[in-house]
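Working notes, structure below.
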Amino acid sequence: MLDIIYVVLGFVFCGAVIFGFHYLRFLTARRVTKWTNQRDSEGQEVEQTGFAKTQLSNLPMDVGFVAGVGKNAEPNMTLNETILRPTIGMRLISIVIGGAILWMTWLTGTKYIPDVPYLKEGLSAVVAYSLLYTNLYELRYDQHGIIHKDWFLREVDFRWQDILSIRDNGQYAYVLRLESGRKTEVMKYLVGIRPFLTYARKQIAKNNRM
């Protein structure tokens with residue numbers, strides 16, 4: 001009887017340790033997110049999406065730090081518009097990840113990629129297009145709204161009065177929720193992103209959307 005009690009207590013103890021470890025990991029991830037989550041120029045955090053709050057697929061802290069390198073530099077400006085382009089850190093990450101994928105794809109003798117016809121060529125095309133998109137992406141904004149390039153490099157514009165909210169998806173983008181019910185993503189790691197977030201928050205608040 002005593003042996004059974006010891007076994008039960010052992011299982012309870014192991015379960016408590018495992019639960020405690022995962023709970024501590026969750027709290028640590030929440031704290032790290034608080035440290036690394038981008039803030040606007042007035043120090044206010046951008047609210048995360050529901051899924052991002054679970055920490056299940058958010059960017060590692062070090063990747064977020066690297067991607068954010070250069071975000072506080074001065075953005076390009078015209079007479080009426082402010083133009084945001086990817087940070088140096090974001091460009092570097094795209095090159096490193098793209099290079100790693102190409103290395104694993106084409107390195108002689110590796111077994112990383114299944115021997116499927118045209119799979120290597122397809123992966124290479126995706127990597128090349130991702131690099132092109134990252135380097136050509138830009139977001140422009142003024143008092144009327146936002147213009148940015150979608151995944152097909154088409155310019156898409158949104159008026160401030162049509163935007164209900166901006167949320168951080170925990171990865172590389174902010175999610176814009178529109179009055180029409182649609183959602184769209186704009187790149188997160190851009191030069192001059194913090195003043196943009198402040199301006200966006202105030203413009204959306206004017207329409208009583210936040």
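For this chain, numbers begin at 1 and follow the sequence in order. Atom set for the values below is all heavy atoms of this structure, side chains included, hydrogens, waters and symmetry mates excluded.
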Practice item. Answer with yes or no whether the hydrophobic clustering places Ile83 together with Ile146; edges join I, L, V, M, F, W, Y residues whose side-chain heavy atoms lie under 4.5 Å apart. Key: no

Check your understanding: Are any of the side-chain heavy atoms of Gln143 and Trp160 separated by less than 4.5 Å?
Key -> no

Check your understanding: How far does CZ of Arg167 sit from NZ of Lys183, to the nearest 0.5 angstrom?
Key -> 9.5 Å

Check your understanding: Does one hydrophobic cluster hold both Val66 and Leu131, with members joined at side-chain heavy-atom distances below 4.5 Å?
Key -> yes

Point to revise | Tyr133 side-chain N/O to Lys149 backbone N/O, donor-acceptor pair under 3.5 Å | key: yes

Point to revise | Donor-acceptor under 3.5 Å (Tyr129 side chain, Trp151 main chain) | key: yes

Exercise for review: Apply side-chain contact (heavy atoms from CB on, under 4.5 Å) to Tyr137 and Val186, showing your working.
Suggested key: CA-CA 10 Å; Tyr137 182 87; Val186 298; 3.5 Å; yes

Exercise for review: Find out if a path of hydrophobic residues (ILVMFWY) with successive side-chain heavy-atom gaps under 4.5 Å connects Ile97 to Leu136.
Suggested key: yes

Revision key, fill the gap. Output for pair (Leu176 CG, Arg182 CZ), nearest 0.5 Å, gives 10.0 Å

Check your understanding: Is any side-chain heavy atom of Lys71 closer than 4.5 Å to a side-chain heavy atom of Tyr189?
Key -> no

Revision key, fill the gap. Separation between OG1 (Thr184) and CZ (Phe158), nearest 0.5 Å, reads 4.0 Å

Check your understanding: Rounded to the nearest 0.5 Å, what separation is found between the CD1 atom of Ile88 and the CD1 atom of Ile93?
Key -> 12.5 Å

**Study point:** Side-chain touch Arg201/Ile166, heavy atoms, less than 4.5 angstrom
**Key:** no

Exercise for review: Grab the two heavy atoms, one from Met77 and one from Thr82, that are nearest each other, plus how far apart they are.
Suggested key: CE-OG1, 3.6 Å

Practice item. Before giving the answer on side-chain contact (heavy atoms from CB on, under 4.5 Å), spell out for Leu164 and Ile204 the whole-Å C-alpha distance, their side-chain angles and the decisive distance to 0.1 Å. Key: CA-CA 7 Å; Leu164 299 178; Ile204 296 173; over 6 Å; no

Check your understanding: What about Met104 and Val126, same hydrophobic cluster or not, with Ile/Leu/Val/Met/Phe/Trp/Tyr joined at side-chain heavy-atom distances under 4.5 Å?
Key -> no

**Study point:** Closest approach of Thr87 to Leu190 (non-hydrogen atoms, all atoms of both residues)
**Key:** CG2-C, 3.6 Å

Point to revise | Min side-chain heavy-atom separation Pro86-Val191 under 4.5 Å | key: no

Practice item. To the nearest 0.5 Å, tell me how far Glu81 CD sits from Ile147 CD1. Key: 5.5 Å

Study note, to complete from the structure: Closest heavy-atom pair, Asn135 versus Arg91, reported as atoms and distance to 0.1 Å, is OD1-NH1, 2.9 Å

Review point. If every non-hydrogen atom of Leu84 is compared with every non-hydrogen atom of Gly192, which pair is closest and at what distance?
Key: CD2-O, 3.7 Å

Check your understanding: For Phe196, what residues pass the ring-ring contact (aromatic ring centres under 6.0 Å, His included) criterion, not counting sequence neighbours?
Key -> Tyr141

Practice item. Quick one: closest heavy-atom pair of Asp168 and Val46, and the distance? Key: N-CG1, 3.9 Å

Practice item. Using the ring of Tyr174 (Phe, Tyr or Trp, six-membered ring only), decide whether Lys188 places NZ or CZ under 6.0 Å from its centre and within 45 degrees of its axis. Key: yes

Check your understanding: What do the steps show when you test Tyr172 against Glu185 for side-chain contact (heavy atoms from CB on, under 4.5 Å), and what is the final call?
Key -> CA-CA 9 Å; Tyr172 294 100; Glu185 294 185 349; over 6 Å; no

Exercise for review: Sort and list the pairs that fulfil salt bridge (charged side-chain N to carboxylate O under 4.0 Å, His left out) and have at least one residue in residues 123-138, not counting sequence neighbours.
Suggested key: Arg85-Glu138, Glu138-Arg140

Review point. Atom CG in Leu139, atom CD1 in Ile193: separation rounded to 0.5 Å?
Key: 6.5 Å

Review point. Within a radius of less than 6.0 Å around CG of Leu102, do more than 12 heavy atoms belonging to other residues, nucleotides or ligands occur?
Key: yes

Exercise for review: Find out if a path of hydrophobic residues (ILVMFWY) with successive side-chain heavy-atom gaps under 4.5 Å connects Ile95 to Ile101.
Suggested key: yes

